[in-house]
Amino acid sequence: MLLDKIKNKINKADIVSFDIFDTLLLRPYCKPSDLFYHIGQVKKMPFFATLRQETERETRIDTPTKEDITFEEIYQNIDDVFKPFQKIEMDWEEMVLRANPELKQVYNYTLSQNKKIIITSDMYLPTDFLAQLLRKNGFDGWDKIYISGDIGLTKASGNLFKKIIDELSPVSAEKILHIGDNKHSDYKIPQKLGIQSILYQQVVKQFLKENKALAYLYDETKYNLGLSILLSVLAYRWQIRRCNNKRVSNYWNELGYLYAGPLAYGYCRYVEEVAKEQKLDFLGFVARDGYTLQKIFNRLCPNIKTAYIYAPRFLNLICRLDYARRNKEQTNAIITYFSKNNNKIRKLLNNKDLMKAKEQHQFIQGNRELFVPEAKKNMENYKKYIKSLIPDNSRVGIVDTITGEFSSQKLLQSALRRNIHGIYWSVLLQVFQGIYDRSCFINKKSYQHDASVYTRNWNFIEFLLTSPEYPIKNMDNQGKPVYDSNPNEAEKYRAKIYPDISEGAIQFTKDIQSIFKGNDIFLDGESLVKYINNFVDHPQSIDIREMSKIKFGVDSNHSNYIPLFAEKIPLKEYLFHPKKVMKRIKYVLWQTPMQSLFTCFIKPITIRTKGLKQVEISLFPYLAKQYFTAILNISSNCYYKFVIGHK
């Protein structure tokens, strides 16, 4: 802890000087100028940030007799359109600034030692205003504030420190200790003048130093407002926990805060925007992806009525017999369900061996007199359920994550007998998708494996935005959902941990609302995809360990489950069933060191050729990542490729 390191210096000093910004007080931005960009975005004045900074620069040039300028002088020179922003900027500073918990401990220790405290800052904001902010955040008991804008002297030049030394005489310079975050102004300059100094590393930098993966993300996205705010909020939370010596006690709750929270918050802000544009007065959040989304949306936008609605693809199959004739998973799901509930269908199946989707499709169509009445009964039950939730004559929207066939939207439109507006993260590229009224969080045309839209593992998104419920199997005669009565262990474990994930996500939204008082933080879709991909690409050992417990169902029947990221395999399996182990782990996204070593040993090289014109050589082809690629293109049909790592 910093406090332990600087106690001796505080004890030896007679006077302790503190910097304000990024030292005593923290803004929730990676860069100070992001405050201007944030205000401009919220007020729908995108040029404010640029003009505000340019006006400040020009004012400094036009005032050569003073080392620093005042807030009043900046706004005297700004365009008339932006003059009202003077009060807005001060209001925002007051709104977002928070006490640095680490420096609060240092400050309180200094007070306890009866040391004289002064505040020293290079800042244009008025002294009275800064004094008010300090007291509001618990920094009181100081003797005097030295603000460069009001005094006209700066720390950077050294003249503000010289003034302090003169005023505090006969206390010698070496008996003054200054603490601040700027290497030049707060550390080197005071030392040149004989003042003791401590360089305090900004909290965001401390946080990124401890979180290498997020440091990579920050380097790639330095000019992204949403990620600047997100990283700063996470850094502040990390700092509070560190100062209180609190460790992460619940992995799933932490995962919810760090990833489900930002994801749900950003998407819900988009849903709010669409709802207002489309003048929707009712939103149905589709189960199971809508569970946490609805809770967060209700916090952000309480004026729009919402409901958590069941409309899984399976219900669309059994209520509308709406299936793809070549999709065996869908035709099989229909036949399996109806055969359990209809003796005639079950008897007909006894004499048939329907192995192909085409055969199953012909069976359904050849026995429509049996299937259609049963489907109509299911639809009537579903209508009762929907009408109990959705007011008549309301303009309805539904919220889901991704869709390819619009099954939920089709099911609800059939039940309500009117068009509704679908709001999606994105939609899979389909020929008929233009038929449906919809909006997409990420609008670019894409295919299912496009990591810039669906992330490197879309199933992870669905895991973060799921619910603690078991899969739904049908609706009863009262229109209520019937859950799987015999879920497998994967579903049971997901149901056990998901309340913690959801709680963490909701807490993230509460914290954002507390800091920004309802103002958006502009986490757009592309930023969230980069953020999630960063997690997928840089797992920590605890992530691999905990995620090895998670499997997800890949089919609408929830009969086939595979690992989400990682899989834990006993040592004896490697020894006695190496082929089976290889089959299980070669496509696992997060391999343990042992698993990576195993794949390298079992399959160290693969060679694919098409004559002598196309040759691909892969060294260690089943590692989780690709580390090196070299391609020699001779022509469009002739190339030689060498890869180290995932092929």
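The first residue in the sequence is number 1, and the count goes up from there.
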Heavy-atom count around Phe47 CZ within 6.0 Å, excluding the residue itself: above 12?
no
Is a donor from one side chain sitting under 3.5 angstrom from an acceptor on the other, for Tyr251 and Asp543?
yes
Test: salt bridge (charged side-chain N to carboxylate O under 4.0 Å, His left out). Region: residues 106-127. Which pairs qualify, not counting sequence neighbours?
Lys116-Asp143
Atom pair CG (Leu177) and CD1 (Ile117), whose distance is rounded to the nearest 0.5 Å
11.0 Å
So is Arg237 actually on top of Tyr257's ring, under 6.0 Å and inside 45° of the axis?
yes
Just say parallel, tilted or perpendicular for the rings of Tyr259 and Phe535, cut-offs at 30° and 60°.
tilted
Modelled atom types, side-chain donor and acceptor of Tyr200 and Asp19, under 3.5 Å
no
Say you draw a straight line from OG of Ser502 to CG of Leu293; how long is it, rounded to the nearest 0.5 Å?
9.5 Å
Applying the ring-ring contact (aromatic ring centres under 6.0 Å, His included) test to Phe460, which of Tyr531, Trp590, Phe565, Tyr454 qualifies?
Phe565
Taking atom NZ of Lys530 as the centre, does the number of heavy atoms from other residues, nucleotides or ligands within less than 6.0 Å exceed 12?
no
Parallel, tilted or perpendicular: which one describes the rings of Phe71 and Tyr75, with boundaries at 30° and 60°?
perpendicular
Pairing donors with acceptors under 3.5 angstrom, does anything connect the side chains of Tyr265 and Asp520?
yes
Could you walk me through whether Asn77 and Glu58 pass side-chain hydrogen bond (donor to acceptor under 3.5 Å, both in side chains), step by step?
CA-CA 9 Å; Asn77 295 331; Glu58 290 176 353; over 6 Å; no
Gap between atom OG of Ser121 and atom NZ of Lys155 - 0.5 Å precision
5.0 Å
Geometric cation-pi criterion, Lys212 with Tyr216: 6.0 Å, 45°
no
Could you tell me if Arg52 sits above the aromatic ring of Tyr124, with its cationic atom closer than 6.0 Å to the ring centre and no more than 45 degrees from the axis?
yes
Roughly how far, to the nearest 0.5 Å, is CD of Gln507 from OG of Ser514?
9.5 Å
Over 12 non-hydrogen atoms of neighbours within 6.0 angstrom of NZ in Lys517
yes
Has Tyr187 got more than 12 heavy atoms of other residues, nucleotides or ligands less than 6.0 Å from its OH?
no
Verify the neighbour count for atom NZ of Lys205: are there more than 12 heavy atoms of other residues, nucleotides or ligands below 6.0 Å?
no
Are a donor atom and an acceptor atom from the side chains of Gln132 and Asp128 found within less than 3.5 Å of each other?
no
Could you tell me whether Lys496 atom NZ has more than 12 heavy atoms of other residues or ligands within 6.0 Å of it?
no
Kindly give the heavy-atom pair with the smallest separation between Leu528 and Gly266, and that separation in Å.
CD1-CA, 4.0 Å
